[in-house]
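Chain identifiers are assigned alphabetically (A, B, ...) following the order of the sequence lines, protein sequences preceding nucleic acid strands; residue numbering begins at 1 within each chain.
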Number of protein chains: 2
Amino acid sequence: MTRRPRSAPKSYHHGDLREGLVEAALAILGRGSAAALTLRAAAREAGVSPAAPYRHFADRDALVAAVAERGFAALFDRMRASATRARVSPERGLQEIAVAYLRFAMERPAEYRVMFGPELADRARHADLQQTSTRVFALLAEGIAGLQRAGRVRAGDAHAMALTAWALVHGLAMLALDGRAADGDLAALERLGRTATELLMFGMATPAAAVHSPSNTPARRRSGARVPRQ
Amino acid sequence: MTRRPRSAPKSYHHGDLREGLVEAALAILGRGSAAALTLRAAAREAGVSPAAPYRHFADRDALVAAVAERGFAALFDRMRASATRARVSPERGLQEIAVAYLRFAMERPAEYRVMFGPELADRARHADLQQTSTRVFALLAEGIAGLQRAGRVRAGDAHAMALTAWALVHGLAMLALDGRAADGDLAALERLGRTATELLMFGMATPAAAVHSPSNTPARRRSGARVPRQ
DNA sequence: CCGCGTATGTTAACAGTGTTTACATGAGGA
DNA sequence: TCCTCATGTAAACACTGTTAACATACGCGG
């Protein structure tokens with residue numbers, strides 16, 4: 001299907017333009033903001049006419065989706081690598097996953113923004129993107145499931161807990177990218193990430209029996225809170 | 001400074017075009033996606049020529065910033081109203097703030113997206129937006145400080161905890177808008193929000209002496225978990 | 001080895017966008 | 001009354017996404 005002469009001469013045909021366009025887009029995102037990622041700019045960067053991309057992507061959004069998918073795949077790799085590297089304890093592993101996530105967002109901000117940008121609001125149109133991004137969620141869910149099996153996290157709605165964890169770390173990344181957290185300081189963001197994940201993991205720890213029945217939990221009884229009505 | 005004839009006739013001058021453009025933009029966002037919010041479209045909606053907005057906004061981004069500021073103000077109002085309405089307990093209040101936040105995001109998705117969109121990546125350019133958005137953070141921080149004063153939340157870095165709370169709820173909103181959580185079901189999202197905030201608040205609760213030293217916490221000892229090495 | 005179909009590229013054009021420049025209007029103070 | 005200046009318009013530019021018509025050359029069947 002795809003011919004790949006690799007280091008092709010200046011021929012009429014590019015060889016693997018689809019790949020070239022994705023890499024061109026990544027290069028653009030790497031040196032500029034997300035607004036600079038334009039179909040024509042990617043075409044220029046790949047040394048090709050403005051209409052050429054339409055042989056490989058139906059839309060500008062399709063190119064963006066391909067870039068985002070590449071991003072999710074890279075993010076997944078880094079998260080997994082980070083998790084296996086820190087095998088001292090399941091908690092530590094999950095925490096390192098979170099830190100790897102934050103690091104990725106800080107190192108490739110424009111790419112990260114594109115991964116969650118509005119151009120892909122309807123991800124149903126890009127099935128492969130949906131699938132790849134689901135893998136990073138699965139990694140988090142797996143981490144939490146592992147904690148549950150180890151008896152470190154209470155049994156219960158693992159899906160909700162994984163979503164919560166993802167939301168926490170994704171929200172931190174967004175706030176950091178908007179300059180509202182850590183102020184561009186990666187080390188500070190990592191500290192914040194560790195603190196935040198520890199807070200959450202502590203809340204998910206085993207003897208939290210009352211997550212879905214907020215009244216009269218052990219924590220509140222211990223802390224002397226009034227039992228709320230309703 | 002600004003004349004406001006209010007219900008101005010079809011005159012050459014608009015009366016209060018700046019306000020009219022912001023409302024036009026909100027109308028566009030209300031019925032379409034964020035991509036439909038264009039300077040020219042707002043001008044059309046306001047019944048004015050394409051160049052007219054430049055008498056009131058330096059940029060397209062400046063209009064977007066004004067819209068975002070309006071959004072943050074509305075969000076702030078709803079959060080505060082929701083907090084004062086649910087005064088049964090500080091925990092409950094903070095939780096209702098979170099739910100109000102999520103509800104806002106679900107009801108006005110395009111507006112919410114604009115509030116955190118990449119066009120305002122450098123919020124330093126829009127000082128008033130920065131200020132207004134800081135108020136919603138202050139509301140969260142105040143809620144957590146209140147919990148600390150009441151002895152319900154451990155003393156410690158209140159700023160980090162407030163950021164954590166904001167990140168959690170913002171992340172949930174983003175995931176929901178991307179169709180990754182709750183699947184467009186507001187009630188489901190509210191449940192998820194309550195669960196998530198309870199998990200976090202439980203983690204922040206008073207007898208959490210070991211937030212920065214994850215090993216050998218009281219919760220883990222009580223639950224009979226093995227003490228992790230290191 | 002040849003010829004040809006088709007995947008892949010180019011060129012030219014369209015509508016729509018942000019933005020600027022020069023000009024028009026009219027509201028309100030001197 | 002008039003004249004000034006904030007506020008509007010009109011026309012133009014460069015740029016974008018997208019499409020249609022045309023060009024090239026890769027690789028397969030003969």
Quick one: is C:dG9 close enough that its OP1 or OP2 comes under 4.0 Å of any side-chain N or O from A:His56?
yes

Tell me, please, whether A:Phe76 has A:Arg135 positioned over its six-membered ring: NZ or CZ under 6.0 Å from the ring centre and within 45 degrees of its axis?
yes

The nucleotide from C:dG9, D:dG17, C:dT20 with an atom nearest the side chain of A:Tyr54 is D:dG17

Between C:dT11, D:dG17, C:dT20, which nucleotide has the shortest distance from any of its atoms to the side chain of A:Leu39?
D:dG17

Round to a whole Å and report the spacing from CG of A:Asp16 to P of C:dT8.
10 Å

Do the ring centers of B:Phe116 and B:Phe72 come within less than 6.0 Å of each other?
yes

Between CZ of A:Phe57 and P of D:dT19 the distance, given in whole Å, is 15 Å

Could you tell me whether the side chain of B:Arg60 has a donor or acceptor atom within less than 3.5 Å of a complementary atom in the base of C:dG18?
no

Comparing B:Arg40 with B:Arg18, nearest DNA chain D nucleotide closer to 5' gives the residue B:Arg18

Closest-nucleotide mapping onto DNA chain C: is B:Asp61 or B:Arg55 further toward the 5' terminus? I mean the 5' end.
B:Asp61

What do the steps show when you test A:Glu23 against A:Arg18 for salt bridge (charged side-chain N to carboxylate O under 4.0 Å, His left out), and what is the final call?
CA-CA 9 Å; A:Glu23 284 178 10; A:Arg18 180 182 170 99; over 6 Å; no

For D:dC15, take OP1 and OP2 only and decide whether either is under 4.0 Å from a side-chain N or O of A:Arg44.
no

Side-chain N,O (A:Thr38) to OP1/OP2 (D:dC15) below 4.0 Å
no

What orientation do B:His170 and B:Tyr112 show, parallel under 30°, tilted 30 to 60°, or perpendicular over 60°?
tilted

To the nearest Å, give me how far apart CG (B:Leu21) and C1' (D:dG8) are.
12 Å

